[in-house]
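Lettering follows sequence order; numbering is per chain, from 1.
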2 protein chains.
Amino acid sequence: MSDRTPAEAARDIPEATVARLPLYLRALTALAEADQVTCSSEELATAAGVNSAKLRKDLSHLGSYGTRGVGYEVEYLRYQIAREIGVTHDWPVVIVGIGNLGQALANFSGFRSRGFRVVALLDADSQRQSEVVAGLAVRPFDELAGIVAEHGVAIGVISTPAPAAQAVADALVVSGVRSILNFAPTHLAVPEGVDVRKVDLSIELQILAYHEQRKAQPDALDDEVTA
Amino acid sequence: MSDRTPAEAARDIPEATVARLPLYLRALTALAEADQVTCSSEELATAAGVNSAKLRKDLSHLGSYGTRGVGYEVEYLRYQIAREIGVTHDWPVVIVGIGNLGQALANFSGFRSRGFRVVALLDADSQRQSEVVAGLAVRPFDELAGIVAEHGVAIGVISTPAPAAQAVADALVVSGVRSILNFAPTHLAVPEGVDVRKVDLSIELQILAYHEQRKAQPDALDDEVTA
DNA sequence: GTCGGTTTGTTCTCCCGTTCACAAACTCCT
DNA sequence: AGGAGTTTGTGAACGGGAGAACAAACCGAC
């Protein structure tokens, strides 16, 4: 009934907590690179930009790592969170739609370094299929099913124009992909059990614009003729 | 104290509603282009991918547009939402960091068509300053303050590497920018009154990976040695 | 061994957001 | 004009997340 996946609470970790775990993972990685052995919840929370009480509650959902009176062991906690998220091994990813954004995504180093590996770039435009982007040849879109099966791809990224996105999503789902990251500015309808996360640049800007407008106008609101 | 802006509820429209208004605006624009004159809440909600009751409550926060027994007039409602968001006129935007992602953003047509106009591209790398991207010359970063003042820029986009992001944010704030869209994978500390929205690609992927992992494992969880 | 200081894990409360369900209000047909 | 049908706007119940505050647990000193 709902647009979100209602029974997606797989075990018992709240969705809001899941969304913050990558923040903690990143902060812990930075601490580890600075050769810090232990850290307090206060320190880690500051590094991640969240409240320390929230951090402790989040971590309590995955277990009782950490020692009272001492704090958390950086490397140990980092591994535990990585394991919980599932990025102790690499996930194969395909990117569909190799325009400006798709090329930027293919070149994005953050993927490779954080548990993801781009195994194929796909595009329906035959002109792009002669190009090589980020060391990978751009391949025809109809090779999707074979590539997904071959590499065991579970995550697909859509960076096509909006009109093509739904068809691409359908094809991804048919091929067996159950998680989609959608950059196309459109709503995707997918079957139950398939997760879609949306990144929408113009929506983010419009939200900023709303607040910006409110900052500018002190309190003039009702005195407008709108016919 | 908090990392979010606590007193940002400018008037009385809930934040969750504000985040959905751009969705409705987009759906209404699509309906208008299909020459549809009126639409029901059910129809608009389906197009936007949300619940119809949620849609009606959202719209009720901006006023009582719509006619019972009939629905909403597409063009009228579209204008009202655009006015509420503040995209009836264009917002000048600067993009800082013209790497792969910055170039993709500069070329993104959705900005221009949805109330935003990129007025300048900035980069600290002098090698990039000879390039022309999306019809705009890449200019030195130290011209920021002048550009912001000249065009009345209120919104800045950061697409630099993570280590440079905080310094860029500081410079934006000093120049007078009060809204920042941050693509760098790091937490930005900004003064009260400045809004930051974050788009983080690897976090989105990690959230997908978490759910994907839970789909794969039916219910094996505690039986792991972790030392 | 005991005591003080420190930090985690957890409980409790409050608030925001979602959803259901229904009254109010409008149109169209007779 | 009146009634049937339709759709909006909203009141109320419900669930989840945020934050404060505190008890439990650990370390180190004496």
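- A donor-acceptor contact under 3.5 Å is not formed by the side chain of B:K57 with the base of D:dT10.
- Ring centroids of B:Y72 and B:Y65 are separated by 6.0 Å or more, keeping the two rings apart.
- Closest to the side chain of A:N51, out of C:dT8, D:dA18, D:dA20, is D:dA20.
- Rounded to whole Å, atom C1' of C:dG17 lies 15 Å from atom CD of A:E15.
- The distance between atom NE2 of B:H61 and atom P of C:dT18, rounded to the nearest whole Å, is 10 Å.
- Using cut-offs of 30° and 60° on the angle between ring planes, the pair A:F108 and A:F111 is perpendicular.
- Atom CD in B:E15 sits 8.0 Å away from atom OH in A:Y210 (nearest 0.5 Å).
- Atom CD of A:E73 is separated from atom P of D:dC27 by 12 Å (rounded to the nearest Å).
- Distance, B:E42 CD to D:dT6 P: 14 Å, rounded to whole Å.
- With C:dG17, C:dT19, D:dG9 as the choices, the nucleotide that has an atom nearest any side-chain atom of B:K54 turns out to be C:dT19.
- Within the structure, every side-chain polar atom (N or O) of A:S41 is placed at least 4.0 Å from both OP1 and OP2 of C:dT7.
- One can place CG of B:L59 at 16 Å from P of C:dG17, the figure rounded to the nearest angstrom.
- As a whole-Å value, the separation of B:Y72 OH from D:dT7 C1' is 9 Å.
- Judged as a side-chain hydrogen bond (donor to acceptor under 3.5 Å, both in side chains), the pairs with a partner in residues 159-177 of chain B (not counting sequence neighbours) are, in order, B:Q166-B:D170.
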Checklist outcome for this item: Under a 4.0 Å heavy-atom criterion, the protein footprint on nucleotides 22-30 of chain C, written with B, S and -, is --BBBS---

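- At whole-Å resolution of the value, OH in A:Y65 and P in C:dT7 are 22 Å apart.
- The CG-C1' distance, from B:L55 to C:dC20, rounds to 16 Å in whole Å.
- Within the 3.5 Å criterion, the main-chain N or O of B:Q206 finds no donor-acceptor partner in the side chain of A:W91.
- For the residue pair B:E73/B:T38, the side-chain donor-acceptor check at 3.5 Å is not satisfied.
- Proximity of a side-chain donor or acceptor of A:K215 to a complementary backbone N or O of B:R178 within less than 3.5 Å is detected.
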